[in-house]
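Have a look at the structure below before the remarks.
Atom set for the values below is all heavy atoms of this structure, side chains included, hydrogens, waters and symmetry mates excluded. Not measured: the values here are computed from a predicted model. Numbers here simply count residues along the sequence, with the first being 1.
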Amino acid sequence: RLDAAGLGRVEIFASSGLDEYQIAALVRQGAPIDGFGVGAAMGVAADAPVLDMVYKLAAYAGRGRIKTSPGKAILPGLKQVFRIEEGGRAVRDVIALAGEQVPGRPLLQPVMRGGERLPAGHDTLEAARQRAREELDRLPPSLRGIEPARPGYPVAMSPGLEALLRQTRDAVAG
C-alpha cells in the first residue's frame, strides 16, 4: 500500500512482542520489513523468565557456592571457558576455573573491574561485532540456527572445576 501511494522510501519497523521465531517467519515470507524491535522476548528466557542473582552466586567471599535445587545446578567458582578447535572450527569447550591452565583458547575477557570499565585496549563496538561474526563462523552449523541444537557439541568440566564442585558439595552435605 505504501509503494502504491508513492511512499516506497518509507521504512517499516515491526515490534510488539516479537521473538526470533516470529522474525524468522516474517523474513521467510518476504515481508518488506526494514527493522525489528525485540523487547521482552530479548530480555527474558521463556523457560526461566526471572534471573534470581542471589541464588545464582558461583562464589562469595572467595569461596565457591552452588545451588542444590534439582534442575538448577550451577558450577562453583570463577570460571574461564576454553575452546578447542580443529581446522578453524570449534569441536568442544572446556569450562575451567579462572586461572586454571587448560588446552584451548580462552574465551572470556574481563571488561569491568571494581564496577569500572577497563581502560582502552578493549574492543570498539565495530571490533566487537567483527569478533562476534568470526566466533559464530567457527561454530558448527548445527549450533548457529535459531532452532534448538541437537545434543552433540561436547562441553566438559576441567579437573580443577570437577574437584571444586565435589569439595563444595561435600561442604554443603557435611
Look at the side-chain heavy atoms of Ile, Leu, Val, Met, Phe, Trp and Tyr, link any pair under 4.5 Å apart, and say whether [X] and [Y] land in one connected group.
X     : Y      : value
Phe36 : Val10  : yes
Ile66 : Ile95  : yes
Val91 : Val155 : no
Ile33 : Ile23  : yes

Roughly how far, to the nearest 0.5 Å, is the [atom2] atom of [Y] from the [atom1] atom of [X]?
X      : Y      : atom1 : atom2 : value
Arg65  : Leu75  : CZ    : CG    : 15.5 Å
Asp93  : Leu107 : CG    : CG    : 6.0 Å
Met112 : Glu116 : CE    : CD    : 7.0 Å
Leu164 : Leu97  : CG    : CG    : 5.5 Å
Tyr21  : Leu26  : OH    : CG    : 15.0 Å
Asp137 : Arg144 : CG    : CZ    : 6.0 Å

Within a 6.0 Å radius of atom [atom1] on [X], are there more than 12 heavy atoms belonging to other residues, nucleotides or ligands?
X      : atom1 : answer
Arg63  : CZ    : no
Leu78  : CG    : no
Tyr60  : OH    : no
Arg133 : CZ    : yes

task: Give a yes-or-no answer on whether the side chains of Gln130 and Glu126 include a donor-acceptor pair shorter than 3.5 Å.
output: no

message: Could you go through Leu2 and Ile12, starting from their C-alpha distance and side-chain angles, then the distance that decides it, and tell me whether this counts as side-chain contact (heavy atoms from CB on, under 4.5 Å)?
response: CA-CA 10 Å; Leu2 291 172; Ile12 299 173; 4.2 Å; yes

message: Among Gln80, Gln101, Glu100, exactly one meets side chain to side chain donor-acceptor pair (under 3.5 Å) together with Ser158. Which residue is that?
response: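 The passing option is Glu100.
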
field: Pairs satisfying side chain to side chain donor-acceptor pair (under 3.5 Å), at least one member in residues 161-174, at least two apart
entry: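 Not a single pair qualifies under side chain to side chain donor-acceptor pair (under 3.5 Å).
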
Looking at every non-hydrogen atom in both residues, tell me the closest pair between [X] and [Y] and how far apart they are.
X      : Y      : result
Pro76  : Leu161 : O-CD1, 3.4 Å
Tyr153 : Pro140 : CD1-CG, 3.9 Å
Val102 : Phe82  : O-CD2, 3.5 Å

task: Dump the intermediate steps for side-chain contact (heavy atoms from CB on, under 4.5 Å) on Arg83 and Arg138, then the final yes or no.
output: CA-CA 10 Å; Arg83 173 137 312 143; Arg138 290 179 174 158; 5.6 Å; no

- prompt: Any salt bridge between Arg131 and Glu134, counting N to O under 4.0 Å?
  reply: no

